[in-house]
*Asks:* 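This is the structure, below, for whatever I ask next.
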Amino acid sequence: MAVALAGLIRWSAHARSRTDAAWVGFLLAGMASMLGGGAILAYRNDTEGWLAALWLGGLLMALSATPLLWTLLGEARRRSEDPRTFAPAALRDRRAFVGIVVALVLGNELLMGWLFPIAAGGGALVVRPSLAGTVTALGVVVGSPWFLFPMAAEMGLTTVWLWTELDPALRVMLAFQSAMMVLSPPALPSAAWHASTIYLSSALMIGLFVYQMEWVYRHPRVGIALGRYTIRLLAVYALLMAGLYEWLATGSVALFAVAVLAEMVLFFSAVADAARFRDDDPFTWQLRPSWAVQLLGWVLVAELFMGALLDLEANGNGFLLLVPQLPLSGDAATIAAHAVSNGFWFVAVVTGSAGFLVMMGSEMGVLVALKIRETRRREQRLRLGLTIAAFAATTVYFPGFWNTVPISHLPPIGQVPVLGWTMGIGSGGGLAPGFFVAILVTYLLIGSMSALFGRRVLCSVLCSAATMYQGTLVDSMKSFNRSSPVGRKFLGTHFSSAYTVTTGVTLGSLAGASTISYLDAIGRLQWTVGGSDPTQFLFSFYFGVLWYVMFVTIPYTGNYNCVTMGWCHWGTWSQAFSRLGFFRLKVKDRTICQQCRTLDCAKSCPIGLVDMVGQLRTTGEFRSSKCCGVGNCVGACPYGNLYIHDVRHWWRGRRPAFSGTSADGVPLPMVRGSRPLTVRNATADVPRTSPGFTRSGGPSS
Ligand code: SF4
Ligand code: SF4
C-alpha cells in the first residue's frame, strides 16, 4: 500500500492533463473505499456491516469514477472531431487537485493506521462519541507504527523518486522529514526505542536547523515558495516537539498526532506540486524582517520543547518538579496570571537547563565553527574557537554538571568565583554573606580583565551570547542594526536617551533586588518573587526569558541588542572598565582612513558602531565602551589598516622591535609613496554574499 501510494503521489507530481489528474483521484479513492470497507467490517461483520461497506465503496467509486469517465468521454469526443490537432486538456486548477490528492492520501493513511492493527490481531478501536474521544482515537491511530512507518516509507520513496526534479534545498528538507518520521518515539512501546529515538530525532533536528540557517546565510535571495515552506516546516517541528514533550510528560499523543498530520499535509502538498519551487520568485530576506523573525522564532520554540524533552528523558519527573506550576482555575484574571507565570517559569527553567544548553550550544557552535572556516585572521579564528570552548565550559559543563564533576570535596558552586557567578549577581544564588568573597572576586576578575583586554573578554568570549551572535547567519543579521526602526535608534557610540533609560532600569532593578536579597539572607525581610530569591528571579527574567525574546527580535532590534540597548548589567560593568583600560582599535596609518571610501570596517560591525570611521580619521584610533572587540572590522578593512590594541600591544609597543609592524606581523601598507594601494584580505571575516558588505573600491594613493 505504501509503495502504491508513493507511486500515485509521484504520478500526481507529473500530472499535467485533466485525464492524469482524474486517474490519480480515481485510484486513490479506490484505495480509500477498499480500506474504508475493511474498517467497517472490522466493527460489524454482519449483514448490516457488509451493506454499509458496499455502500461506502460504491459511493466513493461513483464520486471518483464520474470525473474520470467525464474526462475520458470528453477527450474521446475531441479526438474524434479533429484527431490531428488533438491534445489532452491541460490541468488548470493545480491547487485544487493537490488539495484532493493530499486529502485522499491522508484518508488512506488514517484508514491503514486504523485497520491494520485490527488485522494484526489487536482489538477494534473504541471511539467515544465526543470531541475528546475523537481526538484520543486520532492520537492512537497516528501514533501507531502502522501509520508512522508506512508514512515514513512513502515520504522516503517519493523523495527518492522525485530527487532529480526537486529544488536542491527542498529535497534535503524532504529527506530530513522522512528520517524524522521513522524516528517517532511514540511508534513503539519500548523504553529503549523511546530513549534512542528522542536523542536521535533531536540530533537530526539540530542538523536540520543548522542546514537551514547556513543555507539562508549562503542565499541572500530565497524563493517565495521555498521561504514559506521553510517557515511552515519550522512551525510544524515546533508543534511536533511540543507534542513529544506532552506525550512524555502526560502520555497523551493528541498534540503529536496533530503535528504529524500537519507535517504530512506540508510534505505531500510540496511533492505533488514540486514544480512551483523551481519557478519561484526570489526575495531578499535581509529586507524582510518579518520572515527572519519567524525563522528565529520557530527555531527557538522548537528548541525550547526539544530541550525540555531531553531534560525530561534524562531526569524523569525530577525535571517537572523544577518548573513551578500554578493551577489554571479560578476567575479569568487568575487563570491568565497563572498561565503567564507558568509560561515564564517553563521558559526560564528550560533555557537554564543542561539539555537545552547542550542542544543550543551544539547548534550555534556549529555555526560558529562554519564562521571560523571562512575567517582568515588567526587571532579572530582563535577568539571564535575560545568562544565555543567557553560556552562548553562556563555555560554547559560547570553550571549543569558541577555536582557530577569527578572530584571530591567540591565547594558549593556559589562559592566558586566566576564559574559560580557567570553573569554576575543572581546567576549563582541570592546575595548572602557566605557568597560575598566569590562575588567580589568575580567582579574584580572580570573588571580587571576588561581593563586589560576590553569587554571582549566577556561579551565576545565568556558570555554564551557570543556563541549565539557570532555564527554565520546571526552575524549576517547585523544588517538589521542599520535597517530596523529600533536598531537605528541605538546606532553608533553615543548613549541615547533610550539607552540611558534601559541601563538605568536594569541597574536600578539589580540594586533593588540585591538589597532585598541581602535583607532576606540576614533575616530582616522575607520578600520573594513567587518563592524565588529576587536576584535569581531577575537573572531568570533577564537572561532566561528577555534575552531569548530579544534574540528572536534581532531583525527588528539589531544584532547584539543587549550591548546596543544596554539592558545587561554584567555587560555594563565590563564596559566601564573596558573604556578606562588599554583596549581600543588602532590604525596603522590614518591617512589611509582619510582617503578610504569603502568604510568597510563600520559596515561590518555587529554592534552598529557606524561612526567609528570619524574617530579613526581624526585620532588614528577608536574607543567606545560599546565596542565588544568582535573584530569583524579588522578583517573587513580592505587595506589591513586596522588592528585591536590591548595590554599586550601596550607592553610590546614599549619594545623597539614592535614598531613598524602590525599586530599580526603584517608589514604596514604604504600610502604616501607613489605605488598604488594593494587591497589585502578583502574577503576575510565578512559574508561575501550579504548585501551592504560589498566593497566599492579603495582610495588612490
Ligand atoms: S552585554 Fe551581557 S548578555 Fe550581552 S554579550 Fe555582554 S555579557 Fe553577554
Ligand atoms: S575600512 Fe580600513 S581604511 Fe577604511 S576607514 Fe575602515 S579602517 Fe580605515
Side-chain angles (χ1 to χ4, degrees), residues 387 390-391 394-395 421-424 427 446 450 454-470 474 499 502-503 506 510 539 542-544 546-548 550-551 554 559-576 578 585-607 609-622 625-644 662 668-669 671 677 679-682 684-686 693 695-699 701:
T387 303
F391 190 100
T394 62
T395 303
W421 299 85
T422 47
M423 295 304 284
S427 58
I446 295 296
S450 301
R455 75 182 285 185
R456 65 181 164 147
V457 168
L458 182 66
C459 297
S460 299
V461 177
L462 283 177
C463 179
S464 54
T467 303
M468 306 280 288
Y469 287 142
Q470 289 176 49
V474 183
Y499 181 96
T502 327
T503 313
T506 308
L510 185 76
F539 172 75
Y542 282 127
F543 299 111
L546 182 65
W547 193 93
Y548 289 94
M550 298 307 287
F551 180 76
I554 281 176
N559 198 3
Y560 263 105
N561 51 48
C562 52
V563 176
T564 59
M565 293 180 168
W567 56 258
C568 168
H569 74 271
W570 201 212
T572 306
W573 168 262
S574 176
Q575 77 180 22
S578 180
L585 293 171
K586 275 193 164 191
V587 295
K588 297 161 188 168
D589 190 331
R590 74 180 137 130
T591 54
I592 297 180
C593 295
Q594 285 161 0
Q595 296 172 58
C596 174
R597 296 291 170 268
T598 71
L599 313 186
D600 280 344
C601 54
K603 287 177 192 166
S604 71
C605 177
I607 321 282
L609 300 175
V610 290
D611 47 351
M612 67 166 66
V613 176
Q615 274 194 44
L616 294 177
R617 284 176 175 168
T618 50
T619 66
E621 64 178 45
F622 173 71
S625 44
K626 283 188 186 174
C627 178
C628 293
V630 172
N632 284 4
C633 51
V634 176
C637 174
Y639 311 110
N641 194 31
L642 197 59
Y643 65 94
I644 288 176
S662 74
L668 292 180
V671 68
L677 282 168
V679 176
R680 184 190 75 95
N681 202 16
D685 304 352
V686 282
F693 306 122
R695 295 171 178 77
S696 52
S701 56

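Start at 1 and go down the list; that is how both ligands and their atoms are numbered. Side-chain atoms are counted along with the backbone in the values below, which use heavy atoms only and exclude waters and symmetry mates.
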*Asks:* For ligand 2, does P638 get within less than 4.0 Å through its side chain, its backbone, both, or neither, judged by non-hydrogen atoms?
*Replies:*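 Answer for P638: side chain.
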*Asks:* Looking at ligand 2, would A636 count as a contact under a 4.0 Å heavy-atom criterion?
*Replies:*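 Not so, A636 does not reach ligand 2.
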*Asks:* By the definition side chain to side chain contact (heavy atoms under 4.5 Å, CB included), identify the one residue from S460, C628, P606 that meets it with Q470.
*Replies:*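 One option only clears the test, and that one is S460.
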*Asks:* Any idea which atoms of ligand 1 are less than 4.0 Å away from a heavy-atom of V563?
*Replies:*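 Every atom of ligand 1 under 4.0 Å from some heavy atom of V563: 1 (S).
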*Asks:* Within a strict 4.5 Å, meaning less than it, do heavy atoms of the W570 and I446 side chains meet?
*Replies:*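 A side-chain contact under 4.5 Å exists here.
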*Asks:* Under 3.5 Å, is there a donor-acceptor pair between the side chain of N561 and the main chain of I554?
*Replies:*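 Judged by distance alone, no pair lies under 3.5 Å.
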*Asks:* Show me which atoms of ligand 2 lie under 4.0 Å from any heavy atom of D600.
*Replies:*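 Within the 4.0 Å cut-off of D600, ligand 2 contributes 1 (S).
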*Asks:* Which protein heavy atom lies closest to atom 2 (Fe) of ligand 1, and at what distance to 0.1 Å?
*Replies:*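 That would be C568 SG, 2.3 Å.
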*Asks:* Check whether any side-chain heavy atom of T467 lies under 4.5 Å from a side-chain heavy atom of T395, and answer yes or no.
*Replies:*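 In short, these two side chains do not touch, never coming nearer than 4.5 Å.
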*Asks:* Please state which protein non-hydrogen atom is closest to atom 4 (Fe) of ligand 2 and give its distance, to 0.1 Å?
*Replies:*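 Checked against all protein heavy atoms, atom 4 (Fe) of ligand 2 sits closest to C596 SG, 2.4 Å.
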*Asks:* Near C459, which atoms of ligand 1 are under 4.0 Å from a heavy atom of that residue?
*Replies:*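 Near C459, the atoms of ligand 1 are 1 (S), 5 (S), 6 (Fe), 7 (S).
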*Asks:* Parallel, tilted or perpendicular: which fits the ring planes of F539 and F543, with parallel below 30° and perpendicular above 60°?
*Replies:*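 Tilted, since the angle between the ring planes falls between 30° and 60°.
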*Asks:* Starting from atom 8 (Fe) of ligand 2, find the nearest protein heavy-atom neighbour and note its residue, name and distance.
*Replies:*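 The closest one turns out to be C593 SG, 2.4 Å.
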*Asks:* If you count the atoms of ligand 1 from 1 in the order shown, which ones are under 4.0 Å from a heavy atom of C463?
*Replies:*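 In order of numbering, the contacting atoms are 3 (S), 5 (S), 7 (S), 8 (Fe).
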*Asks:* In ligand 2, which numbered atoms sit nearer than 4.0 Å to a non-hydrogen atom of I592?
*Replies:*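 By the 4.0 Å cutoff, the relevant atoms are 3 (S).
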*Asks:* So, the side chain of Q594 versus the backbone of R617: is there a donor-acceptor pair under 3.5 Å, distance only?
*Replies:*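 Answer holds: yes.
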*Asks:* Please state which protein non-hydrogen atom is closest to atom 6 (Fe) of ligand 2 and give its distance, to 0.1 Å?
*Replies:*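 Scanning the protein heavy atoms, the shortest distance from atom 6 (Fe) of ligand 2 goes to C601 SG, 2.2 Å.
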*Asks:* For the residue pair Y560 and Y469, categorise the inter-ring angle as parallel (less than 30°), tilted (30 to 60°) or perpendicular (more than 60°).
*Replies:*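 Y560 vs Y469 ring planes: tilted.
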*Asks:* Please find the pair of heavy atoms, one from L458 and one from S574, that lie closest to each other, and give the distance.
*Replies:*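 Heavy atoms only, the tightest pair is CD2-CB, 3.8 Å.
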*Asks:* Please could you name the atoms of ligand 1 that A465 approaches to less than 4.0 Å, counting only its heavy atoms?
*Replies:*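 Answer, ordered by atom number: 5 (S), 8 (Fe).
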*Asks:* Output the list of atoms in ligand 1 that are nearer than 4.0 Å to some heavy atom of L458, sorted by atom number.
*Replies:*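 Contacts of ligand 1 toward L458, numbered from 1: 7 (S).
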*Asks:* Do you know which two heavy atoms are closest between I644 and R456, and how far apart they sit?
*Replies:*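 For I644 and R456, the tightest heavy-atom pair comes out as CG2-NH2, 3.5 Å.
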*Asks:* Between the main-chain N or O of C601 and the side-chain N or O of S604, is there a donor-acceptor pair closer than 3.5 Å?
*Replies:*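 Checked: pair present.
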*Asks:* Any heavy atom of R455 sitting closer than 4.0 Å to ligand 1?
*Replies:*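 For ligand 1, residue contact (heavy atoms, under 4.0 Å) with R455 is present.
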*Asks:* What protein heavy atom lies closest to atom 3 (S) of ligand 2? Include the residue and the distance to one decimal.
*Replies:*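 Its nearest protein heavy-atom neighbour is Y639 CD1, 3.5 Å.
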